[in-house]
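Presented below is the structure to which this report refers.
Sequence lines set the chain letters: A, B, ... in the order given, protein chains first and strands last, and positions in each chain run from 1. These numbers come from a predicted model, not from an experiment. Note: hydrogens, waters and symmetry copies are ignored here, and every other heavy atom, side chains too, is used.
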Amino acid sequence: MKHQSVKQLLSTSPSNQNVCVKGWVRTRRGNKNVVFIAVNDGSTIHNIQVVADPNAFDENLIKRIQTGCSVSIQGKLVPSQGSGQPVEVQANEIHIYGEADPETYPLQKKGHSLEFLREIAHLRPRTNTFGAVFRIRHAMAFAIHQYFNDRGFYYLHTPIITGSDAEGAGAMFRVTTLDASAPPKKEDGTIDYDQDFFGRETNLTVSGQLEGELGALALGLIYTFGPTFRAENSNTARHLAEFWMIEPEMAFYELADNMDLVEDMLKYLVRYALDNCKDDLEFLNKMYDNELLQRLQSVVDHQFVRLPYTEAVEILKSSGQKFEYKVEWGTDLQSEHERYLVEKHFQKPVILFDYPKHIKAFYMKQNDDGKTVRAMDVLFPGIGEIVGGSQREEDYEKLLNRVKEMGIHEQSLWWYLETRKFGTVPHAGFGLGFERLILFITGMANIRDVIPFPRTPLNAEF
RNA sequence: UCCUCAGUAGCUCAGCUGGUUAGAGCACAUGACUGUUAAUCAUGGGGUCCCUGGUUCGAGCCCAGGCUGGGGAGCCA
């Protein structure tokens, strides 16, 4: 008999029809006359309740049905006599695929700390919390593609392995097939990458942006959505060595268009979660963060603040707030400053723009004041920077000067620079950290709890 | 990488001023219970007190070094 998902069964009207459910047992309880088995298959946060008459089954079989074991159960779908669920399955046949010895199975029917669950990343998807988070993660990935597709953007696959070391977005992981213990050397003693797989030094990408720009300058509107790697020794609840990033890039967009797009997109995604992930969000709201739903709704309901960096500095200086780090025009804002603006002063998302040029990347469009560039960062409550973006410098001479000023090897960027030589146009784009988005949507506090298998310094076990 | 806190039963934690045989709740096992909702009640088993070294008559507790984890900071998305 073909089985149905728990999600399907829970929304089916019961009429004693025969059904089959397959999944993992969450709890078993009962007495001599009746046994209740809560089964979950990951299709929804809710379990389906299976009711069995212990006298109709082998006593040993009932005993073996324990938390974590996998089962296939056939029975009748009936209205539930209890109050906790609309329907239940009256079991006729119970088959156990695999037992889970309660003495050694780490997930028991009790609360476990998120720290403990990180140590058993192979099993934590079976918990309510991680089931909810990963279902939401899926929904957000899907919604991102939907959002862009509906608006005429093309999904561009930019390379994971890159030969460009000039992106300036952080330390990189080397990709090589050379023998690490005895690499070939040149006469001067340095490693001879001519003999490596690509005949040059290569790394895992820290951003698809530069290639994304090449796509936008042909297809008009593109986005990337792929893995990104940073070899920084970052040990925080907001950083991963391997994470996923969404990077739209738009020809003929200026900074204001960029800000319009990012605000519209983030609101679309939050609304999508509220509309499509209700059960999972309600669970997270109840168990982890009582203000989650309210905070999500508030992002949808309010306009983001748009504030030039220079005005932000003035607000911070005249705030009367004591900061550990002094606020000074020309320095990058510290976490405490960003948090003050977002969580205290405005109490809603803030887009900061027009940053001092010397604290930003070489490719950002220079303003006429000679001091600032058309950069923007989107700051979210509790997360900090969730998006970083800018209008790009489309003037060949200005871009080249900036490359030289910042000591970047211009030869390795010849292809990027050529786009400004041939048919250059104003364009803009941004990078959205996917896991930071999921942090915000789920209310989770640690980025390691919103990606199935987190990669952080000293952690690549699973 | 820096600052800071922590590491005791499968999990979450308590353990007083350094003193005999290290405790609790949950989980687990056994039993009871006619419909439960992380069922309830009773009974029971369960310990490399993170590791190494030191101080002391005596260390879970004090000291040094290390390992691991949390929180904060930096780098950023």
Side-chain angles (χ1 to χ4, degrees), chain A residues 25-38 40 46-55 63 66-68 78 80-85 88 90 100-120 127-128 167-171 206-209 227-247 262 287 323-325 332-339 359-361 377-380 383-389 430-440 445-451 456-459:
Chain A
V25 170
R26 283 296 169 75
T27 68
R28 188 202 75 208
R29 53 183 176 263
N31 53 46
K32 268 184 192 158
N33 300 286
V34 62
V35 169
F36 301 98
I37 306 160
N40 186 281
H46 301 298
N47 305 326
I48 193 157
Q49 173 157 287
V50 174
V51 188
D53 176 359
N55 303 309
K63 265 190 171 175
Q66 286 172 310
T67 299
V78 299
S80 179
Q81 290 178 34
S83 59
Q85 54 284 316
E88 63 194 21
Q90 261 167 12
D101 178 3
E103 289 289 345
T104 50
Y105 183 57
L107 292 174
Q108 289 303 335
K109 46 184 177 187
K110 70 179 291 292
H112 293 289
S113 69
L114 294 171
E115 291 82 2
F116 172 67
L117 293 173
R118 261 171 236 154
E119 293 169 14
I120 50 167
T127 62
N128 286 335
E167 288 163 5
V206 293
S207 165
Q209 181 200 317
T228 308
F229 307 88
R230 305 271 166 94
E232 304 287 349
N233 189 12
S234 294
N235 293 286
T236 79
R238 291 182 305 282
H239 290 86
L240 292 164
E242 175 183 296
F243 63 100
W244 290 66
M245 188 155 60
I246 298 99
E247 295 181 287
V262 74
M287 300 301 286
F323 296 113
E324 194 181 335
Y325 293 89
D332 217 347
L333 297 184
Q334 304 290 319
S335 287
E336 57 176 342
H337 306 142
E338 296 180 348
R339 274 217 303 278
I359 60 172
K360 289 291 181 185
D377 284 357
V378 181
L379 309 179
F380 259 38
I383 312 289
E385 185 181 343
I386 196 169
V387 167
F430 61 83
L432 166 66
F434 187 54
E435 283 76 17
R436 290 194 181 170
L437 172 73
I438 306 302
L439 273 181
F440 182 75
N446 193 312
I447 202 162
R448 293 158 202 206
D449 297 331
V450 297
I451 187 167
T456 54
L458 302 176
N459 186 355

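An OP1 or OP2 oxygen of B:A27 is reached within less than 4.0 angstrom by no side-chain nitrogen or oxygen of A:Arg28. Taking only side-chain nitrogens and oxygens, A:Gln334 comes nearer than 4.0 Å to OP1 or OP2 of B:G74. Not one side-chain nitrogen or oxygen of A:Arg238 sits closer than 4.0 Å to the OP1 or OP2 atom of B:G72. Dashed line: the shortest gap from a side-chain N or O of A:Asn446 to OP1 or OP2 of B:G71 is under 4.0 Å. Contact between the side-chain N/O atoms of A:Ser207 and the OP1/OP2 oxygens of B:A77 is not found at any separation under 4.0 Å. Look at A:Arg436 and you won't find any side-chain N or O under 4.0 angstrom from OP1 or OP2 of B:C76. Put simply, A:Gln108 has a side-chain N or O that comes within less than 4.0 Å of OP1 or OP2 on B:C28. A sub-4.0 Å separation between OP1 or OP2 of B:G70 and a side-chain N or O of A:Arg118 is present.
Atom pair A:Phe440:CZ and B:A77:C1' shows a separation of 16 Å (rounding to whole Å applied). For the pair A:Phe323 CZ and B:A73 C1', the computed distance is 15 Å after rounding to whole Å. Rounded to whole Å, atom C1' of B:G35 lies 10 Å from atom CZ of A:Arg29. In this entry the distance linking CD of A:Glu232 with P of B:G74 reads 14 Å, nearest Å. Atom CZ in A:Phe36 sits about 13 Å away from atom C1' in B:U40, given to the nearest Å. In this structure, A:Ile37 places its CD1 atom 16 Å from P of B:G35, rounding to the nearest Å. Rounding to whole angstrom units, CD of residue A:Gln90 and P of B:G35 are separated by 16 Å. If you measure from atom CG of A:Asp332 to atom C1' of B:C76, you get 10 Å, rounded to the nearest angstrom.
Listed nucleotides B:G35, B:G70, B:U34 differ in distance to A:Asn33; the shortest reach to its side chain belongs to B:U34. Candidate nucleotides B:U68, B:G35, B:A77 were compared by shortest atom distance to the side chain of A:Ser80, and B:G35 ranks first.
Checked against side-chain contact (heavy atoms from CB on, under 4.5 Å), A:Asn47 has the following partners two or more places apart in sequence or in another chain: A:Arg26, A:Ala38, A:Asn40. In this structure A:Ser113 satisfies the side-chain contact (heavy atoms from CB on, under 4.5 Å) test together with A:Glu115, A:Phe116, sequence neighbours excluded. A:His46 is linked by a side-chain hydrogen bond (donor to acceptor under 3.5 Å, both in side chains) to A:Asp279, counting only residues two or more places apart in sequence or in another chain. Here A:Asp101 pairs with A:Glu103, A:Thr104 under the side-chain contact (heavy atoms from CB on, under 4.5 Å) rule; sequence neighbours left out. Partners of A:Gln49 according to the side-chain contact (heavy atoms from CB on, under 4.5 Å) rule, which considers only residues two or more places apart in sequence or in another chain, are A:Arg29, A:Phe36, A:Val51, A:Ser80, A:Gln85, A:Glu88. When the side-chain hydrogen bond (donor to acceptor under 3.5 Å, both in side chains) test is applied to A:Ser335, no partner is found at least two apart in sequence or on another chain. Partners of A:Phe440 under the ring pair (Phe, Tyr, Trp, His ring centres under 6.0 Å) rule, at least two apart in sequence or in another chain, are A:Phe380.
Taking 3.5 Å as the limit, the base of B:U36 and the side chain of A:Gln81 contain no donor-acceptor pair of atoms between them. Between the side chain of A:Glu336 and the base of B:G72, no donor-acceptor pair under 3.5 Å is found. With hydrogens and angles left out, the side chain of A:Arg26 and the base of B:A38 share no donor-acceptor pair within 3.5 Å.
Among the heavy atoms of the strands, none lies under 4.0 Å from A:Thr104.
The separation of B:U36 from B:G46, taken at their P atoms, amounts to 35 Å, rounded to a whole angstrom. Across the P atoms, B:G66 and B:U1 are found 12 Å apart, a figure rounded to whole Å. With both ends at atom C1', the span from B:C26 to B:G71 equals 26 Å, rounded to whole Å. The same atom, P, is picked in B:G35 and in B:C41; the two are 15 Å apart, to the nearest Å. The separation of B:A27 from B:U40, taken at their P atoms, amounts to 7 Å, rounded to a whole angstrom. Taking atom P in both B:A64 and B:C3, one finds a spacing of 15 Å when rounded to whole Å. Atom name C1', nucleotides B:A6 and B:A14: the rounded distance is 15 Å, in whole Å.
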Polar atom pairs (N or O), protein with nucleotides 11-14 of chain B, under 3.5 Å:
{"from": "B:C11", "atom 1": "O2'", "to": "A:Lys110", "atom 2": "NZ", "distance (Å)": "3.1"}
{"from": "B:C11", "atom 1": "O2", "to": "A:Lys110", "atom 2": "NZ", "distance (Å)": "3.1"}
{"from": "B:U12", "atom 1": "OP1", "to": "A:Ser113", "atom 2": "OG", "distance (Å)": "2.9"}

Identify each atom pair where a protein N or O and an N or O of nucleotides 29-33 of chain B are less than 3.5 Å apart, giving names and distance.
{"from": "B:A29", "atom 1": "OP1", "to": "A:Gln66", "atom 2": "NE2", "distance (Å)": "2.6"}
{"from": "B:C33", "atom 1": "OP2", "to": "A:Lys32", "atom 2": "NZ", "distance (Å)": "2.8"}

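The backbone N or O of A:Tyr325 sits less than 3.5 Å from a side-chain atom of A:Glu336, completing a donor-acceptor pair.
Between A:His337 and A:Phe323, a ring centre-to-centre spacing shorter than 6.0 Å is recorded.
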